[in-house]
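Okay, so here's the structure we're looking at.
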Amino acid sequence: MQLTHILTKTGAYLAICFLLIAGSSNTWAETEYIEDNCGSLSMTSFATSVDGEYIVDIQGAIHGNWGYMAYVYLDGATNYSYNWNSYFSNSLTIPIGPYSEAHLFKLVIRDNDPHNICTISLELAVGDTEKDPVELSNNICSTIHELADSTFKKPAAQRKHALCNKLAAVSVLVGYAVDAGDPYTSNLFYTDAIAKLTNDIGAKMDGSFGGQQKNDWIIDADTQAIVHPMVHELIEVLQSRM
């Protein structure tokens, strides 16, 4: 079942106007949407009061016929805050909240097909939430460990472990950058971290993104579509700090 957008352009405009009138200092109407071969997701924040409270409307659909499992993670946590599942439907529509503080929401939905599990994920930042590059790195590692071994070039377990070690090295470089005493030295560490993400980690999963397929460790195109954008997001976060 295809996901139908609940939020029209007119609705978005009215929501934004309401927030401007309310004068909220830490929330605004924000929406994110993604669609691929697995399914489609959207998350939209709506103000519920003049005090800055908001809810997040979740819309998800998976293209399989086995139903879905869905999870929401807050602020980079590895344990989910909400979860839902259905063996009779392939679409999800539900609000969560209300919230008053800034949060980073991550929505993950996967089908229940035991033969060909398909996963799609999406993030929505509401308020003054700055993404933590170390948390992003840890999230990539967690995602890699959850992937099916069949999506990797053999030996899968060793390659998963090696990728997580490389991501840990990126986190160390980020720590050096944060602790550096001057912007020049900090940027050198960020540059090294970006180079490792681009030329080492990202290069092992970029065959579907214009890279060389022969040196990919993640060899499944749908799986690359999950992990490679996460690596690219981390690169963008580091670039924004320079």
Side-chain angles (χ1 to χ4, degrees), residues 1-7 27 30-48 53-127 129 131-132 134-151 160 164 167 218 220 222-231 233-234:
M1 180 184 298
Q2 285 288 336
L3 174 69
T4 301
H5 265 303
I6 253 179
L7 182 64
T27 58
E30 187 70 51
T31 186
E32 292 289 348
Y33 175 81
I34 189 173
E35 182 172 8
D36 64 16
N37 291 333
C38 289
S40 51
L41 301 176
S42 73
M43 288 193 289
T44 305
S45 64
F46 294 98
T48 60
E53 286 193 341
Y54 63 96
I55 62 171
V56 175
D57 179 69
I58 291 175
Q59 303 281 321
I62 206 80
H63 295 331
N65 297 318
W66 293 77
Y68 66 80
M69 298 176 67
Y71 309 86
V72 170
Y73 303 83
L74 293 184
D75 304 323
T78 56
N79 295 322
Y80 58 80
S81 297
Y82 304 90
N83 75 300
W84 309 270
N85 66 80
S86 172
Y87 293 97
F88 308 103
S89 170
N90 63 349
S91 64
L92 167 71
T93 301
I94 194 167
I96 58 174
Y99 302 93
S100 58
E101 303 294 331
H103 289 292
L104 175 66
F105 300 86
K106 180 178 181 180
L107 171 63
V108 180
I109 186 169
R110 63 184 61 184
D111 64 31
N112 285 323
D113 186 344
H115 306 294
N116 185 29
I117 292 177
C118 206
T119 303
I120 183 172
S121 64
L122 179 69
E123 288 190 349
L124 172 70
V126 184
T129 301
K131 294 182 179 180
D132 182 347
V134 174
E135 288 184 354
L136 291 176
S137 179
N138 291 338
N139 289 342
I140 297 171
C141 176
S142 297
T143 299
I144 287 171
H145 277 302
E146 292 174 358
L147 297 174
D149 287 354
S150 60
T151 63
K160 290 180 180 183
C164 283
L167 287 163
I218 298 178
D220 176 71
D222 289 338
T223 306
Q224 288 186 358
I226 296 171
V227 187
H228 190 272
M230 297 175 71
V231 174
E233 178 188 27
L234 178 51

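Note that this is a predicted model, so its numbers are computed, not measured.
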- D36 versus I120, closest heavy-atom pair with distance: OD1-CD1, 3.5 Å

- Which atom pair, heavy atoms only, marks the closest approach of Y82 to G97? OH-N, 4.2 Å

- Note on the structure: Heavy atoms of C164 and H145 approach each other most closely as SG-NE2, 3.4 Å

- Message: Any side-chain to backbone donor/acceptor pair from N83 onto M69? Under 3.5 Å, distance only.
- Response: no

- Query: When rounded to the nearest 0.5 angstrom, what is the spacing between CD1 in I58 and CG in L41?
  - Reply: 9.5 Å

- Expected output: side-chain D111 to main-chain Y68 donor-acceptor under 3.5 Å: no

- Give a yes or no on whether the backbone of E30 and the side-chain of S45 come within a donor-acceptor separation of less than 3.5 Å. yes

- Message: Can you see whether E53 engages S100 through a side-chain donor-acceptor pair at a distance of less than 3.5 angstrom?
- Response: no

- Taking atom OH of Y87 and atom CH2 of W66, what is their separation to the nearest 0.5 Å? 11.0 Å

- Query: What pairs with Y71 under ring-ring contact (aromatic ring centres under 6.0 Å, His included), at least two apart in sequence or on another chain?
  - Reply: Y80

- Task: Could you tell me the separation between the CD1 atom of I144 and the CD1 atom of I218, rounded to the nearest 0.5 Å?
- Result: 5.5 Å

- Query: What is the minimum heavy-atom distance between L107 and S42, and which atoms define it?
  - Reply: CD2-O, 4.4 Å

- Message: Within the 4.5 Å heavy-atom criterion, are I96 and F105 side-chain neighbours or not?
- Response: yes

- Message: As an exercise, state the distance from CG of D132 to CG of D75, rounded to the nearest 0.5 Å.
- Response: 10.5 Å

- Message: To check you understand the geometry: which heavy-atom pair defines the closest contact between G64 and N90, and what is its length?
- Response: O-ND2, 3.5 Å

- Task: Check whether any side-chain heavy atom of V227 sits under 4.5 Å from a side-chain heavy atom of L147, and report yes or no.
- Result: yes

- Query: Would you call K160 and D149 a side-chain contact if the rule is heavy atoms closer than 4.5 Å?
  - Reply: yes

- Query: Stepwise, does the side chain to side chain contact (heavy atoms under 4.5 Å, CB included) test hold for V126 with H103?
  - Reply: CA-CA 6 Å; V126 184; H103 289 292; 5.7 Å; no

- Item | Taking every non-hydrogen atom, the tightest pair across A70 and L92 | CB-CD2, 3.7 Å

- Message: Check whether E123 reaches the backbone of L104 with its side chain - one donor and one acceptor, N or O, closer than 3.5 Å.
- Response: no

- Message: Suppose we screen for side-chain contact (heavy atoms from CB on, under 4.5 Å). Which residues come up paired with S121, at least two apart in sequence or across chains?
- Response: K106, V108

- Item | Non-hydrogen side-chain atoms of H63 and C118 separated by less than 4.5 Å | no

- Please confirm whether the backbone N or O of L167 pairs with a side-chain atom of S137, one donor and one acceptor, at under 3.5 Å? yes

- Item | Value rounded to 0.5 Å, distance of OG1 in T143 from CE in M230 | 3.5 Å

- Inter-residue atom distance N112.CG - I117.CD1, 0.5 Å rounding: 8.0 Å

- Just wondering, do W84 and I109 contact through their side chains at under 4.5 Å, heavy atoms? no

